[in-house]
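All chains are named by letter (A, B, ...) in the order of the sequence lines, taking the proteins before the strands, and each is independently numbered beginning at 1.
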There are 2 protein chains.
Amino acid sequence: MSPKVDSDTLRVLLVDDHDLFRTGLRNLLEEQGVQVVGEAASGFDAIRIVREIAPDVVVMDLNMPGMTGVEATREISSIAPLTRVVVLTISDQDEDVMDAIVAGACGYLVKDSSIEELMRGIKAAAIGESLISPPIASKVLQRMRAVTLDQGAETIRSELSERELDVLRLIANGKDNAEIAEALHISPKTVKNHISNILMKLQIENRIQAAVYAVRSGIV
Amino acid sequence: MSPKVDSDTLRVLLVDDHDLFRTGLRNLLEEQGVQVVGEAASGFDAIRIVREIAPDVVVMDLNMPGMTGVEATREISSIAPLTRVVVLTISDQDEDVMDAIVAGACGYLVKDSSIEELMRGIKAAAIGESLISPPIASKVLQRMRAVTLDQGAETIRSELSERELDVLRLIANGKDNAEIAEALHISPKTVKNHISNILMKLQIENRIQAAVYAVRSGIV
DNA sequence: TGCAAGATGGGCCGTGCGGCCCATAGGCGC
DNA sequence: GCGCCTATGGGCCGCACGGCCCATCTTGCA
């Protein structure tokens with residue numbers, strides 16, 4: 001069985017300003033066994049729902065009135081780093097492609113993709129991988145060489161204080177609270193306080209997820 | 001056992017592209033009773049002379065125009081396995097350290113070593129032992145540890161059963177034992193047993209380190 | 001001057017975790 | 001058939017963990 005990704009357990013939020021598209025997509029995904037835990041018609045709603053229910057994957061349309069999908073993606077990546085955003089938009093000509101990627105999108109699919117392709121994109125995102133429609137993949141790679149280096153790490157780390165990063169690094173090394181306290185010359189209780197703040201800021205549940213986050217973010 | 005090494009009978013070849021250095025070194029060695037049976041200013045000459053006179057020990061500089069000392073060492077080790085090569089090079093910063101070791105160098109000394117140290121290195125090489133300058137030695141050990149760990153990790157990973165890999169993947173997703181049990185349709189107690197086995201096999205302490213290992217190994 | 005935020009701590013408490021013992025069932029090789 | 005390994009499960013236990021209160025002190029900003 002080897003549950004690389006068990007689609008049954010995947011909690012997905014749909015964000016699109018067209019009710020009809022959302023409804024149709026919901027049905028398709030649910031037929032595939034995906035648990036659609038919410039729908040949003042705007043970026044604002046999307047952010048609010050992400051705060052509330054912290055879905056595994058957000059399927060995000062870019063073209064929406066009010067807050068754009070790019071802005072919503074950026075905000076979601078900031079407040080819930082473990083929630084992966086898959087952009088699903090009209091055309092590969094969309095000029096926001098790069099912005100969406102930089103904003104933290106974990107996948108980029110065009111709307112005429114098949115349901116199978118969307119499923120693969122969602123599953124890939126859920127495990128931290130990315131599925132990008134071939135037409136735009138090369139553009140992305142080219143652009144990425146120019147930008148990323150400081151930006152990606154910068155925004156994420158600004159959420160955590162220096163001291164919290166110290167603690168996070170030690171967490172990722174498998175240290176327990178007593179060892180962290182000794183290494184930083186502080187009380188174990190202070191370590192626990194820092195960890196509580198880290199978990200709250202990253203919207204995660206436990207130190208294991210924190211360690212994984214640290215490794216994936218290149219903090220350690 | 002331990003063939004007696006009489007420095008009077010030691011036949012040494014000096015390889016260095018600097019005439020002055022070779023000459024000075026020859027005098028020093030001959031004062032110590034070493035029989036310098038040849039000098040070479042290049043790797044090609046060194047190989048030729050080794051073929052002709054089969055010295056006991058070759059004292060080899062690494063930085064030479066044309067064929068490098070590493071290449072010459074590799075060739076000599078191949079054509080005259082009984083001839084020991086002692087690398088004598090400028091700095092412990094030399095990047096070729098490991099290459100030289102792999103190429104078959106039987107000792108590794110920096111050029112600011114004392115004549116006594118060089119003598120000990122040559123005698124050691126002559127009886128199949130190795131003298132390595134401390135700054136170099138630490139690097140070698142470090143590399144060995146890394147290699148050993150890598151190989152160990154590879155070996156060990158293959159020792160993880162499929163079921164244990166299932167569990168490990170879920171650990172890395174931050175799931176607790178109850179969630180893992182539910183996902184795999186087994187008892188939480190069985191999950192704990194699997195985890196205990198994983199920790200033992202990977203020689204780690206807790207599930208955090210297991211999660212980090214999984215991420216770094218690309219298992220998730 | 002006051003106030004917000006961060007770093008430093010303490011106490012209490014429920015629960016998750018991992019180690020220790022143990023058993024049973026099934027497959028695989030000798 | 002016998003031994004070995006794996007997967008499955010149980011009971012017990014001590015400790016680590018994370019949430020919930022709370023406090024103090026410093027720093028910086030308005």
Check every atom of [options] against the side chain of [X] and return the nucleotide holding the closest atom.
{"X": "Asn193(B)", "options": "dG10(C), dC17(D), dG9(D)", "answer": "dG9(D)"}
{"X": "Ser196(A)", "options": "dG18(C), dG18(D), dG9(D)", "answer": "dG18(D)"}
{"X": "Glu164(B)", "options": "dG19(D), dA7(D), dT8(D)", "answer": "dA7(D)"}

Nearest-angstrom distance from the residue atom [atom1] of [X] to [atom2] of [N]:
{"X": "His194(B)", "N": "dG10(D)", "atom1": "NE2", "atom2": "P", "result": "13 Å"}
{"X": "Ile195(B)", "N": "dG16(C)", "atom1": "CD1", "atom2": "P", "result": "13 Å"}
{"X": "Ile198(A)", "N": "dG6(C)", "atom1": "CD1", "atom2": "P", "result": "13 Å"}
{"X": "Met200(A)", "N": "dG18(D)", "atom1": "CE", "atom2": "P", "result": "14 Å"}
{"X": "Asn177(B)", "N": "dG18(C)", "atom1": "CG", "atom2": "C1'", "result": "9 Å"}
{"X": "Leu165(B)", "N": "dA7(D)", "atom1": "CG", "atom2": "C1'", "result": "14 Å"}
{"X": "Glu162(B)", "N": "dT8(D)", "atom1": "CD", "atom2": "C1'", "result": "17 Å"}
{"X": "Asp176(A)", "N": "dG14(D)", "atom1": "CG", "atom2": "P", "result": "19 Å"}

salt_bridge(Asp61(A), Arg22(A)) N-O dist < 4.0 Å: no

Looking at Arg120(A) and Glu116(A), is there a salt bridge between them, counting it only when a charged N and a carboxylate O are closer than 4.0 Å? no

Does [N] have its OP1 or OP2 closer than 4.0 Å to a side-chain nitrogen or oxygen of [X]?
{"X": "His185(B)", "N": "dT8(D)", "value": "no"}
{"X": "Arg207(A)", "N": "dA16(D)", "value": "no"}
{"X": "Ser161(B)", "N": "dT6(D)", "value": "no"}
{"X": "Thr190(B)", "N": "dG9(D)", "value": "yes"}

Whichever of Ile208(B) and Pro188(B) has the more 5' nearest nucleotide on DNA chain D, that residue is Pro188(B)

Main-chain N/O of Ile186(A) paired to Thr190(A) side chain as donor or acceptor, under 3.5 Å: no

Please check if atom CD in Glu30(A) has more than 12 non-hydrogen atoms from other residues, nucleotides or ligands closer than 6.0 Å. yes

Is it true that, when you exclude Arg48(A) itself, more than 12 heavy atoms of the residues, nucleotides or ligands shown sit nearer than 6.0 Å to its CZ? yes

Side chain Asn206(A) and base dG16(C) donor-acceptor under 3.5 Å: no

Closest to the 5' end of DNA chain C, once Asn197(A) and Lys189(A) are matched to their nearest nucleotides, is Asn197(A)

